[in-house]
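Accompanying notes for the structure given below.
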Protein chains: 2
Amino acid sequence: MQKAAIEKNNEVIAAQLTPVGRETVQDRVYSELRRALIGGLFEPSQVLTIRGLADALVTSTMPVREALGRLITEKALEALPNRSVRVPPITLERIDDLLRARSLIEGEAIALAATRMNPRQIASVEAMLAEWDEMRALKHKKDIDREATLNQSFHFEIYRCCGSAVLIPMIESLWLQSGPCIRVAIYAFSDAGEVDTAHYHRSIVAALAKQDAQAAREALVADISRPFAFLRDKLQSAKDPI
Amino acid sequence: MQKAAIEKNNEVIAAQLTPVGRETVQDRVYSELRRALIGGLFEPSQVLTIRGLADALVTSTMPVREALGRLITEKALEALPNRSVRVPPITLERIDDLLRARSLIEGEAIALAATRMNPRQIASVEAMLAEWDEMRALKHKKDIDREATLNQSFHFEIYRCCGSAVLIPMIESLWLQSGPCIRVAIYAFSDAGEVDTAHYHRSIVAALAKQDAQAAREALVADISRPFAFLRDKLQSAKDPI
DNA sequence: ATTTTTGATTTGTGATCACACTTGCTTTGA
DNA sequence: TCAAAGCAAGTGTGATCACAAATCAAAAAT
């Protein structure tokens, strides 16, 4: 009976090989569309067609239509009565609505995280912030896409520590919904010369380090409110229902 | 130029006819599965197959697979690594997690509703409650399905008044996720002889009538906490990870 | 010149098929 | 007797086709 020997051999093999994973085409399409949506690559009110996306992503229509269906159910996209789908338009009510929901839920998540984060996790987000500052110091021209990605990583690194498998998907859905709006605001920001998000982020990690849930919540709300408030003003003055 | 006359005629016709709607098969499948899930017709951990459901619903596999995909993204169902899908199992952490999220979000929704409901809307939910009492008085044997449906109508009639297009879909998703758990609790309840949900509901409408947002929130949290607490105890004593 | 009608193209939906993977059972070998 | 190999039924995924509805542009009618 060489059973033990075989077992041993398998373990050796397993140690050297990394699992290959079996992501479906549909999953890749879904991820790609999510990325585009959060990154603001699609404009509000833009209409998307199944065949158009399938051509762009070089697949058949099947994975695309299923991905679109999923995005519609989480309100990241909108199904028109004509059965065509578009990214939801920006309205004043929607902006306020999204901000309220995000403040409520992300605030709760960070409050939970504040009580649960261990020193290692706090050090991790601090390191992330330092790396971010460094990058910002090096690059003269600001790379908006990179900024957005880092911002996303920063927030979700914290949210993950709240330990709620229910809240986190909701937050992802909210980011998906506010992605197109936010991106419009960020670009406007950038033109207006404002950039200092770093200050808010430092307040957040300071509060987390002190395990001060209430302060963390307030700092976070201040952070996410800023682009929404900016967008709100812009929309009110422009009275341009995109 | 009889343009005005034709217009008029069309209006007359439109006034008599009720829009027929163009629900797709996929939508019907989705609604049906939602209903089943919220109603607790599926057991936690139960595995669902596309072809099985397609046979049961008398359609092809196509609408079913898309409906399943949508339910998976809103965490009403769970995709196993084997690519099979099941209704999520009940665990202690999940129960606490769901209760926390529901208290937070439905609490916010009812607090908003308390400040926004007009007398007509309040009268409407009061009427609903009265009708409910009446039904309960008539029927000796309690009809759990009917109870659940009325409870759902009652809650969402109120939530709709919060005026948030973002919060309401989230609440629907939460009901979808807690449906299977709740149903287990309700049945256990029923066996244990407890039934008095009416008391909680009366507290809720009383608070709403007084426009007391905080009281409404507290009454609501008490209402939704009860089955969760019951289920929690049951699960802890049975140590039976369904 | 403006409106209506007609026709061609595009689009979403549902059905069906082919393929790969999983699963459970039987058979084979030690 | 028992574990491993092999086989067969079942299952999810993606591609393709058919069809109906929507959209748009040109042509016809007023």
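This structure is a prediction, so every number in the text was calculated from the model and none was measured. Every chain is numbered from 1 and lettered A, B, ... according to where its sequence line falls, protein lines coming before strand lines.
Nearest nucleotide to the side chain of B:Met62, out of C:dG14, D:dT13, C:dT11: C:dG14. Nearest to the side-chain atoms of B:Thr24 among the listed nucleotides C:dT11, D:dG12, C:dG14 stands C:dG14.
When the C1' atom of C:dA15 is taken as reference, atom CD of A:Glu66 falls 14 Å away, rounded to whole Å. The nearest whole Å value for the distance from the CG atom in B:Leu53 to the P atom in D:dG10 is 17 Å. To the nearest angstrom, C1' of C:dT13 lies 17 Å from CG of A:Leu80. Taking atom OH of B:Tyr30 as the reference point, atom P of C:dG14 lies 15 Å away to the nearest angstrom. Rounded to an integer number of Å, the gap from CZ of B:Arg86 to P of D:dG12 is 15 Å. C:dT10 atom P lies 18 Å from atom CG of A:Leu48, rounded to whole Å. Across the protein-nucleic acid pair, B:Asp55 atom CG and C:dA15 atom C1' stand 14 Å apart, rounded to whole Å.
Considering A:Arg22, A:Arg34, A:Arg70 in turn, A:Arg70 is the only one that fulfils the salt bridge (charged side-chain N to carboxylate O under 4.0 Å, His left out) rule with A:Asp27.
Atom-to-atom distance recorded for B:Ser103:OG and B:Glu108:CD is 12.5 Å, nearest 0.5 angstrom.
For the pair B:Asn82 and D:dT11, the criterion of a side-chain N or O lying under 4.0 Å from OP1 or OP2 is not met.
For A:Ser84 and A:Arg22, each mapped to the nucleotide of DNA chain C holding its nearest heavy atom, the one lying further toward the 5' end belongs to A:Ser84. Residues A:Pro81 and A:Val25 each lie close to DNA chain D; by heavy-atom proximity, the contact nearer the 5' end of the strand is made by A:Val25.
Remark: the B:Arg51 side chain and the D:dG12 base include a donor-acceptor N/O pair separated by less than 3.5 Å. For C:dG14, the base has no donor-acceptor partner in the side chain of B:Arg65 [N/O atoms by modelled type, under 3.5 angstrom].
Among the protein residues, B:Leu68 comes within range of no part of the nucleic acid, since none of its heavy atoms lies under 4.0 Å from any strand. Counting non-hydrogen atoms under 4.0 angstrom, A:Gln26 reaches the backbone sugars and phosphates but no base. Using a 4.0 Å heavy-atom cutoff across all strands shown, B:Thr61 reaches at least one base atom of the nucleic acid.
A salt bridge links A:Asp97 with A:Arg100; the closest basic N to acidic carboxylate O contact falls under 4.0 Å.
Ring pair B:Tyr159/B:His155 is tilted by interplanar angle, where 30° to 60° counts as tilted.
The nearest pair of heavy atoms linking A:Met117 to A:Gln121 is CA-OE1, 3.3 Å.
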